[in-house]
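Below: one structure, written as structure tokens.
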Amino acid sequence: MKKPPILYFDGHCVLCLGSVQWILREERSSELHFSHVQGDRAKRVFHEFLVGTDSLVLEENERFYIHSDAALRLVKYLKWYWQWLRLFILLPRFFRDAVYRFIAANRYKFIGKYRSCMIPDSLDRSRFLETVQKGQGGDH
């Protein structure tokens with residue numbers, strides 16, 4: 001049985017949570033699952049891989065993608081009118097990742113940070129493997 005793709009995101013990041021909510025509105029099917037990087041699952045599955053990484057992590061078919069590769073691979077799960085975003089893959093990875101890293105490194109400063117994770121509505125709840133509990137913090 002094929003494992004569903006999982007998007008790991010920073011559960012305290014306003015930008016990251018906004019992106020997850022946007023993906024939920026703009027996805028073409030309910031294939032993606034979600035988990036936060038602060039959770040036990042992330043620590044168990046790819047902790048060594050994530051150390052020092054300020055990135056979304058996309059797990060597909062037992063492979064992990066980070067930075068701009070993760071963001072661009074997410075496009076295939078979106079509705080048809082977002083598929084043009086795939087063109088950014090033509091840019092050199094060092095450039096894409098530099099832009100990604102700049103935004104990631106400054107996301108709390110630019111947009112802010114939550115003390116707790118969003119609670120998905122009942123339709124989406126089954127697709128969230130973990131949620132950040134109220135009061136858990138940290139500078140991830």
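Note that the structure is predicted; figures quoted are calculated from it, not measured.
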| query | Nearest 0.5 Å, what's the OG-CZ distance between Ser19 and Arg107? | reply | 10.5 Å
| query | Would a 4.5 Å heavy-atom cut-off, applied to side chains only, mark Glu26 and Tyr81 as touching? | reply | yes
| With a 4.5 Å limit on heavy-atom distance, are the side chains of Phe34 and Leu24 in contact? | yes
| request: Run the salt-bridge test on Lys79 and Glu27 with the 4.0 Å N-O cut-off and return the result as yes or no. | output: no
| request: Any chance you could lay out the salt bridge (Lys or Arg N to Asp or Glu O under 4.0 Å) test for Lys3 and Glu60, step after step, and finish with the verdict? | output: CA-CA 8 Å; Lys3 288 176 50 175; Glu60 287 181 316; over 6 Å; no
| request: Measure the CG-CD1 distance between Leu56 and Ile66 for me, rounded to the nearest 0.5 Å. | output: 10.5 Å
| field | Approximate separation, where rounding is to 0.5 Å, of Ser68 OG and Phe94 CZ | value | 11.5 Å
| remark: Shortest non-hydrogen pair, Leu72 vs Arg96, comes out as CD1-NH1, 3.4 Å
| message | If you count heavy atoms of other groups shown closer than 6.0 angstrom to CZ of Arg93, is the number above 12? | response | no
| Contact check, side chains of Pro5 and His33, non-hydrogen atoms, under 4.5 Å | no
| Under a 4.5 Å cut-off applied to non-hydrogen side-chain atoms, are Arg63 and Tyr65 in contact? | yes
| query | Between CD1 of Ile89 and CZ of Arg73, what distance do you get to the nearest 0.5 Å? | reply | 8.5 Å
| query | Rounded to the nearest 0.5 Å, what separation is found between the CG atom of Leu7 and the CG atom of Leu32? | reply | 6.5 Å
| request: Provide the closest heavy-atom pair for His67 versus Asp97 in the form atom of the first, atom of the second, distance. | output: CB-OD1, 3.2 Å
| task | Kindly indicate whether the side chain of Leu58, heavy atoms from C-beta on, has any atom under 4.5 Å from the side chain of Ile6. | result | no
| query | Should the pair Tyr8 and Phe64 be assigned to parallel (<30°), tilted (30 to 60°) or perpendicular (>60°) ring geometry? | reply | tilted
| Does the pair Leu15 and Ile103 meet the rule for a side chain to side chain contact (heavy atoms under 4.5 Å, CB included), with working shown? | CA-CA 10 Å; Leu15 176 62; Ile103 294 169; 3.8 Å; yes
| request: Indicate the atoms forming the closest heavy-atom contact of Val75 with Arg86, along with that distance. | output: CG1-CG, 3.6 Å
| request: Assign the ring pair Phe9 / His36 to parallel, tilted or perpendicular, where the plane angle (0 to 90°) is split at 30° and 60°. | output: perpendicular
| said: Checking side-chain polar atoms at under 3.5 Å, does Asp69 have a donor or acceptor matched by the opposite partner on Tyr100? | reply: no
